[in-house]
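Reckoned from all heavy atoms, side chains included, excluding hydrogens, waters and symmetry mates.
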Amino acid sequence: MLKLYDYYRSSASFRVRIALNLKKIPYQEIPIDLKKNGGEQHSPEYQIVNPQSLVPALQDGDKIITQSLAIIEYLDELCPTPSLLPSDPFQKAWVRSCALSIAADIHPLNNLRVLNYLTNTIAVTDEQKNQWYQHWIAEGLSSLEKKLIASPYTGMYCFGDSITLADIALIPQMYNARRFACDVSAYPTLTRIDSHCQTVDAFKLAWPEKEMA
């Protein structure tokens, strides 16, 4: 059975849980608490799994894969149905670009280690930290909103009426935006897609609050 090293509020882990649920792939969850005792991701035991001290990590037998999008594409090849990427090369690249605009451009600026550095090393106030978070959320989501409005591909989901890698990246980011009191009303396309995805079992079962229960 696959093993997922996971933290319930990690948006990168959230993405992988969604993909596993969509594929109906059973897995063993191994929680890594990013806040307990300075963060269990820094333990010598976990650094053997992932020297970056980040979650998620997926273990398949003696193979370990890190980085959420790499993990998801591995799962997509391991279990091709339902496919999370279009078959057409351009459309596939377009979906990847949507996902990367979140995973590579928004998320790295606002993840826990960056927020901890702002607070603990630079000594910004909570208000300044939240302003930082909200600024980069607004920059990223407004660009993605424009991209989807302009695209002929946008449908019920980011790409037509099938769930893809783009939706898997979007929903955890929208969750975090609301957590940090970002105003998402300026992004009606994104909020519509987000609302629809929240009715799908694979997303609901991956929800952080579900993980806490």
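Heavy-atom neighbours of R178 CZ from other residues, nucleotides or ligands within 6.0 Å: above the threshold of 12. Other residues, nucleotides and ligands contribute over 12 non-hydrogen atoms within 6.0 Å of the CG atom of N120. Heavy atoms of other residues, nucleotides or ligands lying less than 6.0 angstrom from NZ of K146 number 12 at most.
Between the side chains of Y187 and D194, not a single donor N or O lies within less than 3.5 Å of an accepting N or O. In this model, no donor atom of one side chain and acceptor atom of the other lie less than 3.5 Å apart for Y175 and Q198. Under the 3.5 Å distance criterion, with hydrogens and angles disregarded, a donor-acceptor pair is assigned to the side chains of Q67 and Q52.
In this structure, W132 contributes its side chain and L115 its backbone to no donor-acceptor pair below 3.5 Å. At distances below 3.5 Å, at least one donor-acceptor pair connects side-chain atoms of E40 with backbone N or O atoms of D33. Proximity of a side-chain donor or acceptor of Q47 to a complementary backbone N or O of V49 within less than 3.5 Å is not detected. Here the side chain of S68 pairs no donor or acceptor atom with the backbone of S13 at under 3.5 angstrom.
For the side-chain hydrogen bond (donor to acceptor under 3.5 Å, both in side chains) with K147, the lone residue among S142, S101, S97 that qualifies is S97.
Contact detail for A186 and E145: the closest heavy-atom pair is O-CG, 4.4 Å. Smallest separation of non-hydrogen atoms from I64 and A57: CG2-CB, 4.4 Å. Residue I102 comes nearest to R15 through the heavy atom pair CG2-NH2, 4.4 Å, listed as atom of the first residue, atom of the second, then distance. The two residues P108 and V114 make their nearest non-hydrogen contact at O-CG2, 3.2 Å. Of all heavy-atom pairs spanning F14 and P208, the tightest one is CE1-CD, 3.4 Å. Nearest heavy atoms, P82 versus D76: O-OD1, 3.7 Å.
Distance check: R179 CZ to I137 CD1 gives 11.0 Å after rounding to the nearest 0.5 Å. To the nearest 0.5 Å, the span separating CG on N50 from CG on L54 amounts to 6.0 Å. The CZ atom of F203 sits 8.5 Å away from the CG atom of L170 when rounded to the nearest 0.5 Å. Separation of atoms CG (L205) and CG (L20) is listed at 12.0 Å; rounding is to 0.5 Å. To the nearest 0.5 Å, atom CG of residue L2 and atom CG of residue L78 are 6.5 Å apart. A distance of 10.5 Å separates CG in D167 from CG in L190, rounded to the nearest 0.5 Å.
Applying the ring pair (Phe, Tyr, Trp, His ring centres under 6.0 Å) test to residues at least two apart or on different chains, the pairs with a partner in residues 29-61 are Y5-Y46.
Between I193 and C158, the closest side-chain pair of non-hydrogen atoms falls below 4.5 Å. Contact annotation: the side chain of V16 approaches that of I72 to within less than 4.5 Å [non-hydrogen atoms, C-beta and beyond]. The shortest side-chain heavy-atom distance between E29 and R17 falls under the 4.5 Å cut-off. You'll find the side chain of L58 reaches within 4.5 Å of the side chain of Y74, heavy atoms only. For the pair L22 and I168, the minimum side-chain heavy-atom distance is below 4.5 Å. Side-chain atoms of I106 and L141, non-hydrogen and from C-beta on, do get closer than 4.5 Å to each other. Counting heavy atoms from C-beta outward, S185 and T191 have side chains that stay 4.5 Å or more apart. A heavy-atom distance below 4.5 Å is found between the side chains of L165 and E73.
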> Step by step, would you call K204 with N21 a side-chain contact (heavy atoms from CB on, under 4.5 Å)?
Replying inline: CA-CA 10 Å; K204 290 193 286 187; N21 292 341; over 6 Å; no

> Can you list the steps and then say if N176 with R9 is a side-chain contact (heavy atoms from CB on, under 4.5 Å)?
Replying inline: CA-CA 9 Å; N176 277 347; R9 263 192 181 156; 5.9 Å; no

> Could you walk me through whether D126 and K129 pass the side-chain contact (heavy atoms from CB on, under 4.5 Å) check?
Replying inline: CA-CA 5 Å; D126 283 346; K129 181 181 73 174; 4.2 Å; yes

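Taken together through direct or relayed side-chain contacts under 4.5 Å among Ile, Leu, Val, Met, Phe, Trp and Tyr, I25 and M1 form parts of separate hydrophobic clusters. In the hydrophobic cluster analysis, where Ile, Leu, Val, Met, Phe, Trp and Tyr join through side-chain heavy atoms closer than 4.5 angstrom, I122 is grouped together with W136.
When the side chain to side chain contact (heavy atoms under 4.5 Å, CB included) test is applied to N130, the partners found at least two apart in sequence or on another chain are Q134, F180.
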Distance-only donor-acceptor pairs under 3.5 Å for side chains of residues 149-157, two or more places apart:
residue: S151; atom: OG; partner: Y153; partner atom: N; Å: 3.0
residue: T154; atom: OG1; partner: L148; partner atom: O; Å: 2.7
residue: Y157; atom: OH; partner: H196; partner atom: NE2; Å: 3.2

